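Values below: every heavy atom of this structure, side chains too, minus hydrogens, waters and symmetry copies. Just follow the structure's listing: the first ligand is 1, and inside any ligand the first atom is 1. All of these numbers come straight from a predicted model, not from anything done at the bench.
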Amino acid sequence: MSAERPGGAALQGKVALVTGASSGIGAAVAKMLARSGAIVAACARRQSRLEALKAELEADAPGARIWTHTCDLRSVEAIIAMFDALEREVGPVDILINNAGLGRPAPLSERGEGRSSYAGWAEMLDVNVMALSVCTAEALAQMKPRGVAGSIVHISSLAGYRIPKEGGFYGATKHAVRALTEGLRRELQAEGSPIRVSAISPGVVQTEFGGVFLGDPDRAEEMYAGLQPLTAADVAAAVEFAVTAPRHVQVHDILLRPLSQPD
Ligand SMILES: NC(=O)c1ccc[n+]([C@@H]2O[C@H](COP(=O)([O-])OP(=O)(O)OC[C@H]3O[C@@H](n4cnc5c(N)ncnc54)[C@H](OP(=O)(O)O)[C@@H]3O)[C@@H](O)[C@H]2O)c1
């Protein structure tokens with residue numbers, strides 16, 4: 001790996017796993033980590049996207065090391081296999097970015113066509129809450145025995161603080177992420193652990209999220225009506241602040257809102 005990188009090398013040689021790195025915020029965070037000298041482990045379901053990201057990062061930061069892994073985070077077994085492969089092929093994880101997540105059009109007051117709301121609720125719970133928790137526990141199992149001052153970052157949402165219109169279940173999962181952030185902080189603090197946990201809670205960000213949330217990729221722009229959304233790079237900058245802060249500083253949660261977002 002090269003010692004010199006654009007943006008410095010604050011995280012030189014650290015193994016950083018980013019879930020949901022195939023688009024949006026995850027891809028932007030992976031880029032930031034590679035520029036900061038980390039060995040980036042990128043996972044998602046879309047392998048072709050991960051390969052394109054790897055090529056882009058290697059061009060952007062010559063000498064960068066990028067490991068990709070195709071994984072459907074709805075499977076606990078697949079998550080465990082991914083962490084085992086990461087440790088074997090790259091090394092134990094130092095930084096975990098729990099970014100993968102989604103919202104589905106699944107109102108609380110309607111069961112949906114063919115009871116589709118139930119599948120939407122289950123998927124949000126599995127990815128936004130269960131996978132985040134399983135990834136966290138697997139990462140801690142690789143961090144704790146080495147006594148490393150690791151970092152765990154949950155990409156939460158403003159929906160962890162207020163419930164978006166037609167996003168009742170999504171808001172419930174992000175309220176859970178907020179609770180899980182504080183719950184883990186308390187456990188690690190009680191153990192005297194050097195590992196820190198942070199959340200980043202953005203408002204509207206221009207990614208592929210809107211198309212999934214509204215159930216139609218062509219409707220994604222409706223999310224940004226009347227406002228200038230945050231960019232994925234804006235969120236990555238907040239993640240960078242959290243993971244490069246002095247070790248006695250634990251960034252608990254950063255709420256980021258577009259200036260023009262009303263709620
Ligand atoms: N965009 C916003 O307005 C906004 C606001 C606040 C918070 N957030 C949060 O930011 C995080 C990232 O979202 P984004 O805005 O960047 O959306 P995005 O562009 O749709 O990216 C979502 C990522 O999650 C991955 N993912 C989804 N389901 C998965 C599964 N079952 N297994 C593995 N990976 C899965 C996707 O990868 P594959 O499809 O390739 O698997 C993709 O890489 C989410 O937690 C979201 O809740 C977004």
Identity of the nearest option to [atom], non-hydrogen atoms only, from [options]:
atom                    : options                       : value
atom 44 (C) of ligand 1 : Thr207, Ile155, Asn99, Asp126 : Asn99
atom 6 (C) of ligand 1  : Ala78, Gly103, Pro202         : Pro202
atom 9 (C) of ligand 1  : Ala232, Ala30, Ser156         : Ser156

Nitrogen or oxygen of Leu73 less than 3.5 angstrom from that of ligand 1: yes

Shortest protein heavy-atom distance from [atom], along with the residue and atom involved:
atom                    : answer
atom 19 (O) of ligand 1 : Ser23 OG, 2.7 Å
atom 20 (O) of ligand 1 : Phe209 N, 3.5 Å
atom 16 (O) of ligand 1 : Ile25 N, 2.8 Å
atom 36 (C) of ligand 1 : Ser22 OG, 3.8 Å
atom 22 (C) of ligand 1 : Gly101 O, 3.7 Å
atom 46 (C) of ligand 1 : Tyr170 OH, 3.7 Å
atom 30 (C) of ligand 1 : Arg45 NE, 3.5 Å
atom 3 (O) of ligand 1  : Val205 N, 2.9 Å

Could you check whether any side-chain heavy atom of [X] comes within less than 4.5 Å of a side-chain heavy atom of [Y], counting everything from C-beta outward?
X      : Y      : value
Leu53  : Lys31  : yes
Leu33  : Ile97  : yes
Leu102 : Asn128 : yes

If I compare all heavy atoms of Ala42 with all of Ala21, which pair ends up nearest, and what's the gap? CB-CB, 3.6 Å

One should read off an interatomic distance between Arg49 CZ and Glu56 CD, to the nearest 0.5 angstrom, of 11.5 Å

So how far is it from Arg257 CZ to Leu158 CG, rounded to the nearest 0.5 Å? 5.0 Å

Give the intermediate values and the outcome of side-chain hydrogen bond (donor to acceptor under 3.5 Å, both in side chains) for residues Glu138 and Gln142. CA-CA 7 Å; Glu138 289 298 312; Gln142 295 187 5; 5.8 Å; no

Could a heavy atom of [X] be found less than 4.0 Å from some atom of ligand 1?
X      : value
Gly203 : yes
Phe213 : no
Val212 : no
Lys174 : yes

Heavy-atom distances under 4.0 Å are what count here, so tell me which part of Val127 touches ligand 1: side chain, backbone, both or neither. side chain

Once you restrict to heavy atoms under 4.0 Å, what part of Leu230 touches ligand 1? Side chain, backbone, both or neither. neither

Please identify which atoms of ligand 1 are closer than 4.0 Å to at least one heavy atom of [X].
X      : answer
Cys71  : 32 (N), 33 (C)
Val204 : 3 (O)
Asp72  : 30 (C), 31 (N), 32 (N)
Arg74  : 31 (N)
Gly24  : 16 (O), 19 (O)

What class does the angle between the rings of Tyr118 and Trp121 fall in, given that below 30° is parallel, 30 to 60° is tilted and above 60° is perpendicular? tilted

Does Arg104 qualify as a cation-pi partner of Phe169, given the criterion of NZ or CZ under 6.0 Å from the six-membered ring centre and within 45 degrees of its axis? no

Between the main-chain N or O of Ala149 and the side-chain N or O of Arg247, is there a donor-acceptor pair closer than 3.5 Å? yes

Between Arg178 and Glu182, is the closest basic N to carboxylate O distance under 4.0 Å? no

Carboxylate-amine/guanidinium contact Arg35 Asp60, below 4.0 Å: yes

Before you tell me yes or no, could you show the steps for Asn98 and Ile152 under side-chain contact (heavy atoms from CB on, under 4.5 Å), namely the whole-Å CA-CA distance, both residues' side-chain angles and the distance that decides it to 0.1 Å? CA-CA 7 Å; Asn98 275 314; Ile152 302 205; 4.0 Å; yes

As a quick check of understanding, evaluate side-chain contact (heavy atoms from CB on, under 4.5 Å) for Lys144 and Leu188, giving each step before the final call. CA-CA 10 Å; Lys144 282 186 180 181; Leu188 294 172; 4.2 Å; yes

